[in-house]
Amino acid sequence: MNDRPAEFPAAMTSLLSQEGVELDVVVVGNGCAPEHVPGDVRTIALPANVGIPEGRNIGAANVKGDLLFFFDNDAVLPTPDALARLAAEFTRDARRAFVQPRIADPATGVTLRRWVPRLRASRPDRGGTVTVMAEGVVMIRRDAFEAAGGWPGHFFLFHEGVDLAWRLWDRGCVGHYAPDVVVHHPATDPARHAVFYRLNARNRVWLALRNLPAPLIPLNLATWALVTLWRFRDPAALRASLTGFTEGLRGGHGGRAPMRWSTVARLTRAGRPPVC
């Protein structure tokens with residue numbers, strides 16, 4: 001969106017410096033014509049801001065390659081072999097549909113809890129099979145991505161990674177967390193977005209309505225509601241969350257494709273039942 005004139009060139013430099021992989025890069029301007037783009041990199045200028053997940057879908061449709069790497073424009077690949085090492089992870093298990101590196105703040109080295117794709121986030125250096133992903137820096141097999149239908153573009157922002165990960169798992173795939181591959185990203189607060197609380201709540205409802213067997217929907221939403229009441233003490237945040245929750249219940253979630261009960265069991269065995 002041309003709002004990171006310092007960070008974006010650094011991100012591009014680190015991306016184009018990668019070794020051991022063949023890159024096809026496209027930069028998507030969400031409601032703008034991208035600026036500060038190297039001359040040999042293609043761009044797509046969208047006339048309106050369609051949201052992050054739909055912007056990623058459009059980017060994926062306009063690049064070649066067996067692996068898709070989604071890269072926030074304020075992130076940096078600190079070593080030239082980061083993408084090659086992520087790509088190598090797919091060869092170790094044919095079921096892997098996505099691989100996420102460890103994301104760390106470049107100044108402090110801290111990995112935020114929300115960047116660790118499992119419930120027990122106290123050990124961000126522990127890798128293994130995971131059921132969700134941090135969407136902004138992740139590598140996904142193209143065939144699996146397309147078979148699952150890509151990102152839920154209408155989410156606009158928040159929870160699109162859980163939605164896609166659940167659909168990938170429902171197709172028999174798994175995710176992998178590779179913490180030995182580190183990517184730098186500033187530790188920002190998602191609540192800086194004015195719509196955070198509303199969209200976070202709305203999309204949580206949509207996530208359940210789209211993907212869960214009917215008996216699990218009220219359990220999932222009750223868990224979310226209790227956690228929200230426990231975490232948020234700001235009345236304005238609670239009101240915005242309630243607005244989003246109500247908006248989600250009114251509909252708009254799109255097609256419903258409940259995961260199989262066998263997928264529920266697999267997710268539970270992997271450490272994250274789809275009710276939390």
Side-chain angles (χ1 to χ4, degrees), residues 1 3-4 7 30-32 46 48-57 70 72-75 100 103 105 108 110-122 124 130-138 151-167 185-212 216-254 256 272-276:
M1 297 177 66
D3 55 355
R4 291 168 177 161
E7 297 90 337
N30 227 338
C32 67
L46 302 179
N49 183 354
V50 298
I52 292 177
E54 185 60 15
R56 294 192 189 110
N57 283 335
F70 297 96
D72 274 0
N73 69 348
D74 56 347
Q100 184 199 312
I103 305 170
D105 182 85
T108 65
V110 169
T111 296
L112 299 179
R113 184 180 185 86
R114 72 173 187 273
W115 289 338
V116 182
R118 59 171 178 267
L119 289 177
R120 296 180 179 178
S122 59
V130 291
T131 64
V132 296
M133 67 179 80
E135 307 93 336
V137 185
V138 65
W151 306 100
H154 60 300
F155 275 36
F156 196 85
L157 182 63
F158 306 125
H159 292 308
E160 68 270 19
V162 182
D163 185 273
L164 177 56
W166 280 0
R167 284 183 281 117
H185 190 292
T188 54
D189 182 0
R192 71 190 186 280
H193 299 286
V195 295
F196 168 74
Y197 295 105
R198 180 177 67 84
L199 293 190
N200 186 60
R202 183 200 68 182
N203 291 356
R204 183 63 188 256
V205 176
W206 282 2
L207 180 69
L209 294 178
R210 280 166 56 84
N211 295 289
L212 293 183
L216 292 186
I217 294 174
L219 183 58
N220 177 284
L221 297 183
T223 300
W224 175 85
L226 289 173
V227 170
T228 298
L229 290 172
W230 176 69
R231 283 182 178 174
F232 298 154
R233 297 294 182 264
D234 180 1
L238 285 172
R239 285 195 299 271
S241 296
L242 179 59
T243 297
F245 190 86
T246 304
E247 182 182 343
L249 290 175
R250 290 195 186 110
H253 52 278
R256 177 165 159 73
R272 189 159 189 164
V275 294
C276 53

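Values below: every heavy atom of this structure, side chains too, minus hydrogens, waters and symmetry copies.
Taking every heavy atom of both residues into account, A240 and Y197 meet most closely at CB-CB, 3.7 Å. Scanning both residues, L209 and G248, for their nearest heavy atoms gives CD1-O, 3.8 Å. Scanning both residues, A121 and P124, for their nearest heavy atoms gives O-CD, 3.8 Å. What you find for I103 and V137 is that their closest heavy atoms are CD1-CB, 4.2 Å. For the residue pair P53 and G153, the shortest heavy atom distance occurs at CG-O, 4.0 Å. For the pair N200 and F158, the tightest heavy-atom approach, listed with the atom from each and the gap, is N-CD1, 4.0 Å.
In this structure, H253 contributes its side chain and V205 its backbone to no donor-acceptor pair below 3.5 Å. Put simply, the side chain of E135 gets close to the backbone of G161: a donor and an acceptor are under 3.5 Å apart.
The side-chain heavy atoms of W224 and L207, taken from C-beta on, include no pair separated by under 4.5 Å. The closest side-chain heavy-atom distance from F245 to R204 is not below 4.5 Å. Between P186 and D74, the closest side-chain pair of non-hydrogen atoms falls below 4.5 Å. Between N220 and P274 there is no side-chain heavy-atom pair separated by less than 4.5 Å. Side-chain atoms of W115 and H185, non-hydrogen and from C-beta on, do get closer than 4.5 Å to each other. Between L219 and L212, every side-chain heavy-atom pair lies at or beyond the 4.5 Å cut-off.
From T228, atom OG1 reaches atom CG of L242 across 10.5 Å, with rounding to the nearest 0.5 Å. In this structure, CZ on R272 lies 12.5 Å from CZ on R120, to the nearest 0.5 angstrom.
Among residues two or more places apart in sequence or in another chain, the side chain to side chain contact (heavy atoms under 4.5 Å, CB included) test is passed with T108 by D105, V110. Every residue meeting the side chain to side chain donor-acceptor pair (under 3.5 Å) condition with R198, not counting sequence neighbours, appears here in chain and number order: E247. Under the side chain to side chain contact (heavy atoms under 4.5 Å, CB included) criterion, R256 pairs with A214, I217, P258, sequence neighbours left out. Remark: R114 engages no residue in a salt bridge (charged side-chain N to carboxylate O under 4.0 Å, His left out) (not counting sequence neighbours). Among residues two or more places apart in sequence or in another chain, the side chain to side chain donor-acceptor pair (under 3.5 Å) test is passed with E7 by none. Take F156 and apply the ring pair (Phe, Tyr, Trp, His ring centres under 6.0 Å) test, not counting sequence neighbours, and it matches no residue. Not a single ring pair (Phe, Tyr, Trp, His ring centres under 6.0 Å) links H159 to another residue, sequence neighbours left out. In this structure, the side chain to side chain donor-acceptor pair (under 3.5 Å) partners of D163, at least two apart in sequence or on a different chain, are R167, R210, N211. Residues that satisfy the side chain to side chain contact (heavy atoms under 4.5 Å, CB included) test with A48, not counting sequence neighbours, are absent from this structure. Partners of T188 according to the side chain to side chain donor-acceptor pair (under 3.5 Å) rule, which considers only residues two or more places apart in sequence or in another chain, are R192. Listed by chain and number, the residues in a side chain to side chain contact (heavy atoms under 4.5 Å, CB included) with N30 are M1, L46, N49, V50 (sequence neighbours excluded). Every salt bridge (charged side-chain N to carboxylate O under 4.0 Å, His left out) that E160 has, sequence neighbours left out, goes to R56.
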Give the C-alpha distance, both sets of side-chain angles, the deciding distance and a yes or no for side-chain contact (heavy atoms from CB on, under 4.5 Å) between L238 and L229. CA-CA 8 Å; L238 285 172; L229 290 172; 4.2 Å; yes
Criterion side-chain contact (heavy atoms from CB on, under 4.5 Å) on L221 and L249, from CA distance to verdict: CA-CA 10 Å; L221 297 183; L249 290 175; 4.3 Å; yes
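Taking the centre and axis of the six-membered ring of W206, the NZ or CZ atom of R202 falls inside the cone set by 45° and 6.0 Å.
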